A.B. asks: 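Sending over a structure as C-alpha cells; questions will come in a sec.
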Amino acid sequence: MSVEEKVINKYLIMVSNPHVLELKVKNLNFLFPIKDLCVGVNKTYTITEIKNRDAYLLINRILDRQALKILEELLNSDLSLIKGICFTDLGVINLVKKHKPHLELIYFGSHNTTNYQTINYYLEYCDSLLISTDITLPEINLILDKAIKPLVLPYFILPEVMYSRRYLLTNYQTYYNLPIKKEIELLEPISKEKFLVFENEYGSVFYNHNFLDYRKYKFHNILYYYINPYNLDNNTILDIIKGKEVSLITSEGFLNKETIYKLKGE
Amino acid sequence: MKVELLAPAGDLEKLKFAFHYGADAVYLAGKDFGLRANANNFTLEEIKEALKIAKKLKKKIYVTVNIIFHQKELEKLDDYLISLDKIGIDAIIASDILVIKRVKELKLHYEVHVSTQASILNKEAALFYKDLGVTRIVLAREANKEDIIDIKTNTNLELEAFAHGAMCTSFSGRCVLSNYCTNRDSNRGGCAQICRWELQDKDNNSFTMAPKDLNLIEYIREMIDVGINSFKIEGRMRGIYYIATVILTYRRLIDKTIAGTLTKQDESYALAILNRCANRSSSPQFFQKLPTFEDQYFTDEETSNQDFLGLVLDYDEKNKMVILEERNYFKVGDIVEFFGPDINEYSLEITKMYDENNNLITVANHPGMIVKIPVMITLHKDDLMRIKVFDKQLFL
C-alpha cells in the first residue's frame, strides 16, 4: 500500500509494524525500536534493516551493564542514515556524545518531564524531549511557552503506564499453567481501566488501552508530533494525521483531569 | 570500608528506635516533596529535633525530596531546600534533575544522593549524575551484582542499595497505574499500590503481579565486597517492632561480617527472624538472577503479625522485675523472648506477672496496659518482648 498526503506538522511515527514504512507523508520521520534495546514493542529492528534517511532510533530500555555493551556496539556501527536517538536511560547521553556526537538526542523520560524548569535542565544535555503524558493542558502549554528548545508532543499514542524488569506475563502464566502469551489485555475492575501489556526478554510494559489523542488542541514550539500507531493500518494512521475522526476508543488522558496525591483524612 | 546501615524513619519515635537498634543514618521526609505524601512525615521543627538526636549520637539524617515535580510544587522548593540547609541535614535524596541543579545553584552545603526513582543500572547513567555533583547513587532495585561492580569500578561513587523491604513491581518512578486507576499521582507520593490489586484478564481470570519483599540478609558479604556503602531498609510506614527487629538483625550481621565472625547459622537464624516479623514472604530478587514467578506471590499471602508483646519501659534491679507496656495479648505460661541492642536474645516462660498496682494477673489483654514480670537478667528501656517462635540454639 502506498499513500501520500501533504501535511503541515512534523511527525515522528514509531515503526510499530513494517507497513508503517509504506506511508508517504511529507514531514514524517520514522522511529525504529531497536533490537535488544527496547521494551513494550511488538516489532524491533536491527540497524541493517533500516533503509530510511533521517530515521530515529528508539532505545527505551533502562540499560543494565549488558545493554550498555549492545548500545556501544550499535554506536560503533554505520549510522549514516540515522538522524537521532530517542532514549529513556540518561546513560545514553554520554555514550552518544562520545561515539556519534552529530546525532540528535531526544529524551523519552516517560514520567519525569512534568515542568518547564526540569525540562530546560534536561535540554542542556539533549536536543529535545518528549513531554510527559501525566500532566494537564495548562501545564503542557506553560512548558511549551518556556522551553528553551522545541519539544516532542505525545500526539496520538498508547500512553505508557508501567515498565517492569520482571516477566509479569510469563510468571503469571507459569504459576497458573496457562499458555504463554507475550501480549495480553487486562482490566482493573474498580476503575474499569484497561491496559495492554507487552513482555519481551527485557521486561514488561503496561500501556493504557485507549489511545491518547491530543489532536484537537493547538500547540506551538513543537519539534515533532509523536505518533505510536501500535497495530493500526495505514489508512487509519493517515486519518489521524489529517485530523479526521477515527473509530477508536481515545482519551485525553490527564489533559483536563489533574491528579491528586495528598488525601484529606489520611 | 565503612558500611552504613540506613533506616527508614516515619516519625520521631521510629527514628529513635532506628538509632537505638543500630542504624547509622535514617532517611525521612518533610511534609512536602516526599513519596509517602500521606504518612505522618516531619515538620521542619521535627527535622531539627531529629537532627539534634542524630548529632548527639554522631549519626546522620537524609531527607527525601524525591517527587517528580509539577509546576505548582516548585514555588516552595527553593525555600524548602534553603531551610534544610540552615537546619544542617547531611543529605537530601532527590530524583528530579531540577532539585539536584537547584542545590548546586543555591550553593547549599548538604550532599545530594540520587534516589532509586532515577532507576540507575549502569555506569554511564551514574556518571551523568556524578557530573551534576551528586555524591551517592541509590541503585535501582533491579541492579544485579555485575551491574553494581561495573558502576562502582567506573564511578567510585558511594553506592546505596535497598537490602530489605517492600518492592515496587515496576522500576521505581516508571509507574503511573495509580494515576489511571485512582487519579492519585504515584510520582508525587500518592501511590495506591495498584500492582497489589487483582486485575482481570480477558477470560476473567484474576491477574496478580506483586513481588515478594526484598531480603538480602544472605548476601551481606557479597554486597560489601562489590562496593555497597550503605544498606538501606525500606519501610517508613512500618512500626517500631519491625524497625527494631530488622535494624538489629542487619546491624549484627554487618558487624559480624566485617569482623569475619559471621556463620551460616547466624544467617539462617536471621532469615527466620526477618521472615517472621514481615507480613509478606521475601526473596533476594535481582541481586543474583532475574526473578521468576517464585519471587512474586499470586494469592493473598499477607499475614498480620502479633508477635510483638511488649515494650520495656524500665527494669527494677532491686526486685529483678521488668516493667512493660503491653502491645499484644499474652498470658502466664507463654514462652517469650526479650531482645535489644545491649542484650542477647533472652527467653523465659512467664510464670507470674503483675499489673501496675502489683496485683497478680494471668493475662495481659489491654494494649498499653502496664505489666510487670520477674526477669533475672538486666533489661533496658526500649528493649522489646516478643513471643518466642524460634530457638536460636537449633540454628547453631
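From a predicted model like this one, the values you see are computed outputs, not experimental measurements. In what follows, chains carry the letters A, B, and so on, assigned in the order in which the sequence lines appear, proteins first and then strands, with residues in each chain numbered from 1.
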A.B. asks: Around atom NZ of Lys289(B), are there more than 12 heavy atoms of other residues, nucleotides or ligands at under 6.0 Å?
C.D. replies: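 Yes, because the 6.0 Å sphere around NZ of Lys289(B) holds more than 12 heavy atoms from other groups.
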A.B. asks: Ignoring hydrogens, what is the shortest heavy-atom contact between Ser170(B) and Tyr163(A)? Give both atom names and the distance.
C.D. replies: CB-O, 3.2 Å
A.B. asks: Verify, without hydrogens or angle tests, whether Asn183(B) (side chain) and Glu258(A) (backbone) share a donor-acceptor contact under 3.5 angstrom.
C.D. replies: yes
A.B. asks: Enter the distance from Leu186(A):CG to Glu198(B):CD here, rounded to the nearest 0.5 Å.
C.D. replies: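 It comes to 12.0 Å.
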A.B. asks: Given Val92(A) and Glu124(B), is the side chain to side chain contact (heavy atoms under 4.5 Å, CB included) satisfied, shown in steps?
C.D. replies: CA-CA 7 Å; Val92(A) 171; Glu124(B) 294 295 343; over 6 Å; no
A.B. asks: Relative to chain A, which segment of Gln117(B) carries a heavy atom at a distance below 4.5 Å: side chain, backbone, both, or neither?
C.D. replies: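 For Gln117(B), there is no contact with chain A at all, as no heavy atom is under 4.5 Å.
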A.B. asks: Might you work through the side chain to side chain contact (heavy atoms under 4.5 Å, CB included) test for Asp185(B) and Asp134(A), ending with a clear yes or no?
C.D. replies: CA-CA 9 Å; Asp185(B) 187 355; Asp134(A) 310 328; 5.9 Å; no
A.B. asks: Can you tell me how far the CG atom of Asp64(A) sits from the CG atom of Leu290(B), to the nearest 0.5 Å?
C.D. replies: 8.5 Å
A.B. asks: Working to the nearest 0.5 Å, report the span between CG of Leu98(B) and OG1 of Thr118(A).
C.D. replies: 4.0 Å
A.B. asks: Which atom names give the shortest non-hydrogen contact between Phe298(B) and Tyr176(A), and what distance separates them?
C.D. replies: O-OH, 3.3 Å
A.B. asks: Given a strict heavy-atom distance threshold of 4.5 Å, which part of Leu168(A) is in contact with chain B: side chain, backbone, both, or neither?
C.D. replies: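 Leu168(A) touches chain B through backbone and side-chain heavy atoms alike.
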A.B. asks: Let me see the working for Gln285(B) and Arg166(A) under side-chain hydrogen bond (donor to acceptor under 3.5 Å, both in side chains), right down to the final yes or no.
C.D. replies: CA-CA 10 Å; Gln285(B) 299 289 353; Arg166(A) 296 169 192 276; 2.9 Å; yes
A.B. asks: Working to the nearest 0.5 angstrom, can you tell me the gap between Asn208(A) CG and Asn179(B) CG?
C.D. replies: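 One finds 11.0 Å between CG of Asn208(A) and CG of Asn179(B).
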A.B. asks: Output, in order, the C-alpha distance, side-chain angles, deciding distance and verdict of side chain to side chain contact (heavy atoms under 4.5 Å, CB included) for Ile100(B) and Tyr121(A).
C.D. replies: CA-CA 10 Å; Ile100(B) 301 167; Tyr121(A) 283 124; over 6 Å; no
A.B. asks: Which atoms of Ser172(B) are under 4.5 Å from chain A, going by heavy atoms: the side chain, the backbone, both sets, or neither?
C.D. replies: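 Contact with chain A involves no heavy atom of Ser172(B) at all.
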A.B. asks: Measure Ile149(B) against the heavy atoms of chain A and call it side chain, backbone, both or neither at under 4.5 Å.
C.D. replies: neither
A.B. asks: Verify the distance criterion only: is there a donor paired with an acceptor across the side chains of Tyr172(A) and Asp201(B) at less than 3.5 Å?
C.D. replies: yes
A.B. asks: With chain A as the partner, which of Trp197(B), Phe69(B), Phe171(B) has the greatest number of non-hydrogen pairs under 4.5 Å?
C.D. replies: Phe171(B)
A.B. asks: Quick check: closest heavy atoms across Gly109(A) and Arg174(B), and the distance to 0.1 Å?
C.D. replies: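 Reported closest heavy-atom pair: O-NH1, 3.4 Å.
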A.B. asks: For the CD1 atom of Ile148(B) and the CZ atom of Arg65(A), what is their distance to the nearest 0.5 Å?
C.D. replies: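 Ile148(B) atom CD1 to Arg65(A) atom CZ measures 11.5 Å (nearest 0.5 Å).
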A.B. asks: Report which part of Glu139(A) has an atom under 4.5 Å of a heavy atom belonging to chain B: side chain, backbone, both, or neither.
C.D. replies: side chain
A.B. asks: Contact between Ile68(B) and His111(A) at the side-chain level, heavy atoms closer than 4.5 Å - yes or no?
C.D. replies: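 Ile68(B) vs His111(A): side chains apart.
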A.B. asks: Please identify, among Phe207(B), Phe286(B), Tyr129(B), the residue contributing the most non-hydrogen atom pairs under 4.5 Å to chain A.
C.D. replies: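 Heavy-atom pairs under 4.5 Å are most numerous for Phe207(B).
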A.B. asks: With a 4.5 angstrom heavy-atom cut-off, which part of Ile93(A) approaches chain B: side chain, backbone, both or neither?
C.D. replies: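 The answer is the side chain of Ile93(A).
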A.B. asks: Only pairs of heavy atoms separated by less than 4.5 Å count here; which of Met209(B), Lys101(B), Glu142(B) has the most with chain A?
C.D. replies: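 Of the candidates given, the most pairs with chain A belong to Lys101(B).
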A.B. asks: Check the pair Phe206(A), Cys195(B) against side chain to side chain contact (heavy atoms under 4.5 Å, CB included), reporting the backbone distance first and the verdict last.
C.D. replies: CA-CA 11 Å; Phe206(A) 279 52; Cys195(B) 64; over 6 Å; no
A.B. asks: Any sub-3.5 Å donor-acceptor pair from Asn115(A)'s side-chain atoms to His70(B)'s backbone N or O?
C.D. replies: no
A.B. asks: Of the backbone (N, CA, C, O) and the side chain (C-beta and beyond), which part of Ile151(B) lies under 4.5 Å from a heavy atom of chain A, both, or neither?
C.D. replies: neither
A.B. asks: Who among Ser110(A), Ala67(A), Pro189(A) has the most heavy-atom pairs with chain B under 4.5 Å?
C.D. replies: Pro189(A)
A.B. asks: Using only atom types and a distance under 3.5 Å, with no angle test, would you say the side chain of Tyr167(A) pairs donor to acceptor with the backbone of Pro291(B)?
C.D. replies: no
A.B. asks: For Glu124(A), look at atom CD and say whether over 12 heavy atoms of other residues, nucleotides or ligands are found less than 6.0 Å away.
C.D. replies: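 Atom CD in Glu124(A) is packed in, count exceeds 12.
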A.B. asks: Just give me the residue among Thr208(B), Thr182(B), Asp147(B) that pairs up with chain A most often, heavy atom to heavy atom, under 4.5 Å.
C.D. replies: Asp147(B)
A.B. asks: Identify which part of Lys194(A) has an atom lying under 4.5 Å from any heavy atom of chain B, answering side chain, backbone, both or neither.
C.D. replies: neither
A.B. asks: Please state whether the side chain, the backbone, both or neither of Asp32(B) comes within less than 4.5 Å of a heavy atom of chain A.
C.D. replies: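 Asp32(B) touches chain A through backbone and side-chain heavy atoms alike.
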A.B. asks: When heavy-atom pairs shorter than 4.5 Å are enumerated against chain A, which of Pro211(B), Ala143(B), Ala140(B), Ala192(B) gives the highest number?
C.D. replies: Pro211(B)
A.B. asks: Check whether Ser164(A) reaches the backbone of Thr169(B) with its side chain - one donor and one acceptor, N or O, closer than 3.5 Å.
C.D. replies: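 Checking the backbone N and O of Thr169(B) against the side chain of Ser164(A), a donor-acceptor pair under 3.5 Å is found.
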A.B. asks: Report yes if the side chains of Arg141(B) and Arg165(A) come closer than 4.5 Å at any heavy-atom pair, otherwise no.
C.D. replies: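 They are not in contact (no side-chain heavy atoms under 4.5 Å apart), so the answer is no.
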A.B. asks: Would you please say whether a donor-acceptor pair under 3.5 Å links the side chains of Glu146(B) and Gln66(A)?
C.D. replies: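 Short answer, no.
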A.B. asks: List the steps, then state whether side-chain hydrogen bond (donor to acceptor under 3.5 Å, both in side chains) holds for Asp89(A) with Asn122(B).
C.D. replies: CA-CA 9 Å; Asp89(A) 192 302; Asn122(B) 68 72; 3.0 Å; yes
A.B. asks: Specify which of Arg102(B), Lys123(B), Glu73(B) makes the most heavy-atom pairs with chain A at under 4.5 Å.
C.D. replies: Glu73(B)
A.B. asks: Side chain, backbone, both or neither: which part of Ile119(A) has a heavy atom under 4.5 Å from chain B?
C.D. replies: neither
A.B. asks: Val161(A), Asn112(A), Leu178(A): which one forms the most heavy-atom pairs within less than 4.5 Å of chain B?
C.D. replies: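 Among the listed options, the one with the most contacts to chain B is Val161(A).
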A.B. asks: Locate the shortest heavy-atom distance separating Ser191(A) from Cys181(B); write the atom from each residue and the value.
C.D. replies: CB-O, 3.3 Å
A.B. asks: More than 12 non-hydrogen atoms from neighbouring residues, nucleotides or ligands closer than 6.0 Å to NZ on Lys35(A), yes or no?
C.D. replies: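 Open: at most 12 neighbouring heavy atoms sit under 6.0 Å from NZ of Lys35(A).
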A.B. asks: Can you name the nearest heavy-atom pair linking Tyr180(B) to Glu193(A), along with the distance?
C.D. replies: O-CG, 3.3 Å
A.B. asks: Heavy-atom distances under 4.5 Å only: say whether Tyr116(A) touches chain B with side chain, backbone, both or neither.
C.D. replies: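 Contact with chain B is through both the backbone and side chain of Tyr116(A).
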A.B. asks: With a 4.5 angstrom heavy-atom cut-off, which part of Thr113(A) approaches chain B: side chain, backbone, both or neither?
C.D. replies: neither
A.B. asks: Of the backbone (N, CA, C, O) and the side chain (C-beta and beyond), which part of Asn204(B) lies under 4.5 Å from a heavy atom of chain A, both, or neither?
C.D. replies: neither
A.B. asks: Assess the residue pair Phe128(B) and Tyr125(A) against the criterion (ring pair (Phe, Tyr, Trp, His ring centres under 6.0 Å)); give the C-alpha distance rounded to whole Å, side-chain angles, the decisive distance to 0.1 Å, and a yes or no.
C.D. replies: CA-CA 10 Å; Phe128(B) 176 85; Tyr125(A) 305 94; 5.0 Å; yes
A.B. asks: Go through the atoms of Leu68(A) and report whether side chain, backbone, both or neither lie under 4.5 Å from a heavy atom of chain B.
C.D. replies: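 Answer is side chain: those atoms of Leu68(A) sit under 4.5 Å from chain B.
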A.B. asks: Could you check whether atom NZ of Lys104(B) has more than 12 heavy atoms from other residues, nucleotides or ligands sitting under 6.0 Å from it?
C.D. replies: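 Enclosed: over 12 neighbouring heavy atoms sit under 6.0 Å from NZ of Lys104(B).
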A.B. asks: Any chance you could measure Thr136(A), atom OG1, to Lys72(B), atom NZ, to the nearest 0.5 Å?
C.D. replies: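 If we round to the nearest 0.5 Å, Thr136(A):OG1 and Lys72(B):NZ are 9.0 Å apart.
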